[in-house]
Participant: 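Take this structure, written in structure tokens, and hold onto it; I'll ask about it next.
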Amino acid sequence: MTTVLEKVRAGREAAGERWRGAPRWVRWVLLAAVIAFFYALPNKEFYQWLGPIPTTGSNFGQVLFMMSIYVLLAVGLNIVVGFAGLLDLGYFGFFAVGAYTVAVLTSPSSDLKTVWPWLTVLPIGVALALVSGVLLGLPTLRLRGDYLAIVTLGFAEMIRLTATSAGFLRGQRGFNQIPHPPGEHADGTPIFGVLDARPYYWLVLTLIILVVLGVRNLTRSRVGRAWISIREDEDAAQLMGVPTFKFKLWAFASGAAIGGLAGVLFAGKQNFVNNQSFELLNSIIILAAVILGGSGNILGAIVGGGLAYYLIERFRGVELFGIELYEYRFMFFGLCLIVMMIYRPQGLIANRRRAAEFKDRRKEVIVGG
């Protein structure tokens with residue numbers, strides 16, 4: 001078993017070296033091909049050739065849309081957890097802020113007399129999520145580790161309980177008739193309808209590309225270097241003159257804005273929002289997705305976010321010996337995480353710095369043993 005794992009690890013490292021050593025134009029061509037693949041993926045004429053990969057018990061277009069939402073959330077949380085090293089267990093609260101902003105301002109069932117257009121509310125939802133991230137970070141980011149995790153967990157529960165008990169947020173009744181994104185075909189029919197999830201998937205996919213470009217540029221700037229120094233050793237970074245509180249607040253605000261964007265897009269597709277949509281389990285799954293893909297790596301967050309939802313949804317409609325496997329989906333997901341933590345603790349696509357750290361720790365364990 002060890003020999004097989006070593007061969008796989010060696011092959012992966014060799015492939016990584018070839019990728020980094022390839023000419024820039026080759027990498028751009030391959031990247032364009034991958035993006036084209038994902039744009040073509042929801043078309044039945046295309047995915048019917050992928051064998052058992054498409055889900056059988058649910059609409060594959062809807063699954064792809066939710067996978068893209070989870071990818072967007074994982075990219076946002078990766079800023080907080082992966083780059084800045086801040087353990088956030090309440091990230092789904094920012095998602096709820098974005099979704100409820102759209103619901104309250106655009107739904108005819110809300111208490112407001114004026115119904116706002118969806119496109120106008122989009123930046124408002126993102127801005128309110130960003131502000132909520134700043135408001136949460138100001139009193140709490142002086143905490144570290146488990147203490148910060150407990151506070152962020154309390155924030156997510158506070159949002160959920162407010163959605164349950166506050167009259168204007170309508171609890172389980174929720175908000176219906178939330179408008180879809182605007183846009184029409186040449187014949188006047190709406191692009192974003194009720195049954196076809198593909199336009200929503202393409203919209204979120206486009207926004208993921210833009211968000212990834214922004215995050216990539218940010219992490220390669222002075223801000224990104226400050227985040228990494230805080231993650232590695234906050235005390236040393238502070239002694240070297242890095243304003244750690246300021247940059248941790250930057251990370252919280254950036255991640256919260258992306259989470260709010262995902263919430264806005266989710267509400268625009270689902271047409272209905274209530275307090276049952278924002279359970280604590282969702283925050284845990286997004287955090288697990290970041291760890292599964294590779295904390296501190298944008299590509300790892302993308303892979304982890306999509307794979308986390310896919311692994312859960314893949315069991316819908318699948319039976320084994322008369323047992324509906326979908327009822328045990330979280331057990332299978334948990335087993336996958338356990339196996340990953342044993343054989344690949346740095347994630348599927350690890351950050352090179354983190355991979356080196358885990359490699360050094362393994363050597364220390366072997367030598368110490």
Side-chain angles (χ1 to χ4, degrees), residues 31 34-44 46-78 82 91-92 94-95 98-99 181 192 195-212 215 258-271 277-279 281-295 297-318 325-326 329-330 332-334 336-337 340 347-349:
L31 185 60
V34 171
I35 292 174
F37 168 82
F38 281 105
Y39 272 103
L41 189 56
N43 294 313
K44 189 174 182 179
F46 183 82
Y47 70 72
Q48 66 181 355
W49 301 102
L50 298 180
I53 292 178
T55 54
T56 54
S58 55
N59 185 310
F60 190 49
Q62 175 67 18
V63 171
L64 287 174
F65 167 74
M66 288 304 301
M67 285 173 63
S68 64
I69 290 292
Y70 271 59
V71 166
L72 196 57
L73 287 167
V75 169
L77 183 58
N78 189 49
Y91 187 70
F92 223 72
F94 303 120
F95 178 85
F192 299 95
L195 300 178
D196 191 1
R198 292 179 302 171
Y200 300 96
Y201 165 74
W202 288 324
L203 173 62
V204 180
L205 181 59
T206 303
L207 290 174
I208 287 172
I209 294 171
L210 296 176
V211 167
V212 166
V215 172
I258 296 173
L261 173 63
V264 171
L265 296 168
F266 173 81
K269 163 65 177 69
Q270 297 300 99
N271 195 235
S277 305
F278 311 106
E279 297 179 351
L281 178 63
N282 294 313
S283 290
I284 305 301
I285 291 175
I286 298 301
L287 179 60
V290 173
I291 297 171
L292 176 67
S295 179
N297 189 324
I298 297 176
L299 181 58
I302 293 171
V303 172
L307 193 59
Y309 187 81
Y310 177 80
L311 287 175
I312 295 171
E313 191 65 25
R314 188 62 186 83
F315 295 104
R316 187 186 294 273
V318 179
L325 295 183
Y326 189 70
R329 60 194 183 280
F330 293 115
F332 291 118
F333 182 65
C336 289
L337 288 177
M340 278 294 304
L348 291 171
I349 306 177

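Nothing fancy with the numbering, it's 1 onward along the sequence. Since we're looking at a predicted model, the values are computed, not measured.
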Participant: Can you tell me how far CZ of Phe192 sits from NZ of Lys269, rounded to the nearest 0.5 angstrom?
Facilitator: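 Reported value, rounded in 0.5 Å steps: 11.5 Å.
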Participant: For the CG atom of Leu299 and the CG atom of Leu348, what is their distance to the nearest 0.5 Å?
Facilitator: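 Interatomic distance, Leu299 CG to Leu348 CG, rounded to 0.5 Å: 10.0 Å.
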Participant: For Ile209, check side-chain contact (heavy atoms from CB on, under 4.5 Å) against everything at least two apart and list the hits.
Facilitator: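 side-chain contact (heavy atoms from CB on, under 4.5 Å) list for Ile209, sorted by chain: Ile35, Tyr39, Leu213.
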Participant: Where do Ala301 and Ala74 come nearest, in terms of heavy atoms and distance?
Facilitator: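 Heavy atoms of Ala301 and Ala74 come nearest at O-CB, 3.4 Å.
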Participant: Mind listing the closest non-hydrogen atom pair of Ala288 and Leu337 along with its distance?
Facilitator: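 The pair with the smallest heavy-atom distance is CB-CD1, 3.7 Å.
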Participant: Atom CZ of residue position Phe38 - does it have more than 12 heavy atoms of other residues, nucleotides or ligands inside 6.0 Å?
Facilitator: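 No, not enclosed.
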Participant: Where is the tightest heavy-atom contact between Ile298 and Asn78, given as atom of each residue plus distance?
Facilitator: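 Scanning both residues, the minimum pair turns out to be N-ND2, 4.0 Å.
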Participant: Of all heavy-atom pairs between Gly76 and Tyr91, which one has the smallest distance, and what is that distance?
Facilitator: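 Closest approach of Gly76 to Tyr91, heavy atoms only: CA-OH, 3.3 Å.
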Participant: Is any side-chain heavy atom of Met67 less than 4.5 Å from a side-chain heavy atom of Glu313?
Facilitator: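 They are not in contact (no side-chain heavy atoms under 4.5 Å apart), so the answer is no.
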Participant: Would a 4.5 Å heavy-atom cut-off, applied to side chains only, mark Tyr309 and Val63 as touching?
Facilitator: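 In short, these two side chains touch, coming nearer than 4.5 Å.
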Participant: Hey, what's the ring geometry for Phe278 with Phe266, parallel, tilted or perpendicular (30° and 60° as the breaks)?
Facilitator: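 Ring orientation of Phe278 relative to Phe266: perpendicular.
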Participant: Can you find a pair of side-chain heavy atoms, one from Ile312 and one from Ile285, that are under 4.5 Å apart?
Facilitator: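 Yes, close enough: below the 4.5 Å cut-off.
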Participant: How long is the span from the CG atom in Leu287 to the CG atom in Leu292, to the nearest 0.5 Å?
Facilitator: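 Going from CG on Leu287 over to CG on Leu292, the span is 11.0 Å.
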Participant: Please report the shortest heavy-atom distance between Tyr200 and Pro181, naming the atom on each side.
Facilitator: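 Answer, listing the atom of Tyr200 first, then Pro181: CE2-CD, 3.7 Å.
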Participant: Can you tell if the side chain of Asn282 reaches within under 4.5 Å of the side chain of Phe95, non-hydrogen atoms only?
Facilitator: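 No; the side chains remain at least 4.5 Å from each other.
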Participant: Quick one, Arg198 and Leu64 - any side-chain contact, counting heavy atoms below 4.5 Å?
Facilitator: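 Not in contact.
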Participant: Quick one: does Thr206's side chain have a donor or acceptor within less than 3.5 Å of a partner on Trp202's backbone?
Facilitator: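 Answer holds: yes.
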Participant: Minimum heavy-atom separation for Val215 to Val75, with atom names?
Facilitator: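 Minimum heavy-atom separation between Val215 and Val75: CG2-CG1, 4.3 Å.
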Participant: Would you say that Phe94 contacts Leu73 through its side chain, given a criterion of any heavy-atom pair below 4.5 Å between the two side chains?
Facilitator: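 No, every pair of side-chain atoms sits at 4.5 Å or beyond.
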Participant: To the nearest 0.5 Å, what is the distance between CZ on Phe330 and CG on Leu281?
Facilitator: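 The distance works out to 4.5 Å.
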Participant: Only one of Leu205, Leu203, Val204 forms a side chain to side chain contact (heavy atoms under 4.5 Å, CB included) with Phe65, so which one is it?
Facilitator: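 Per the side chain to side chain contact (heavy atoms under 4.5 Å, CB included) rule, the option paired with Phe65 is Val204, out of Leu205, Leu203, Val204.
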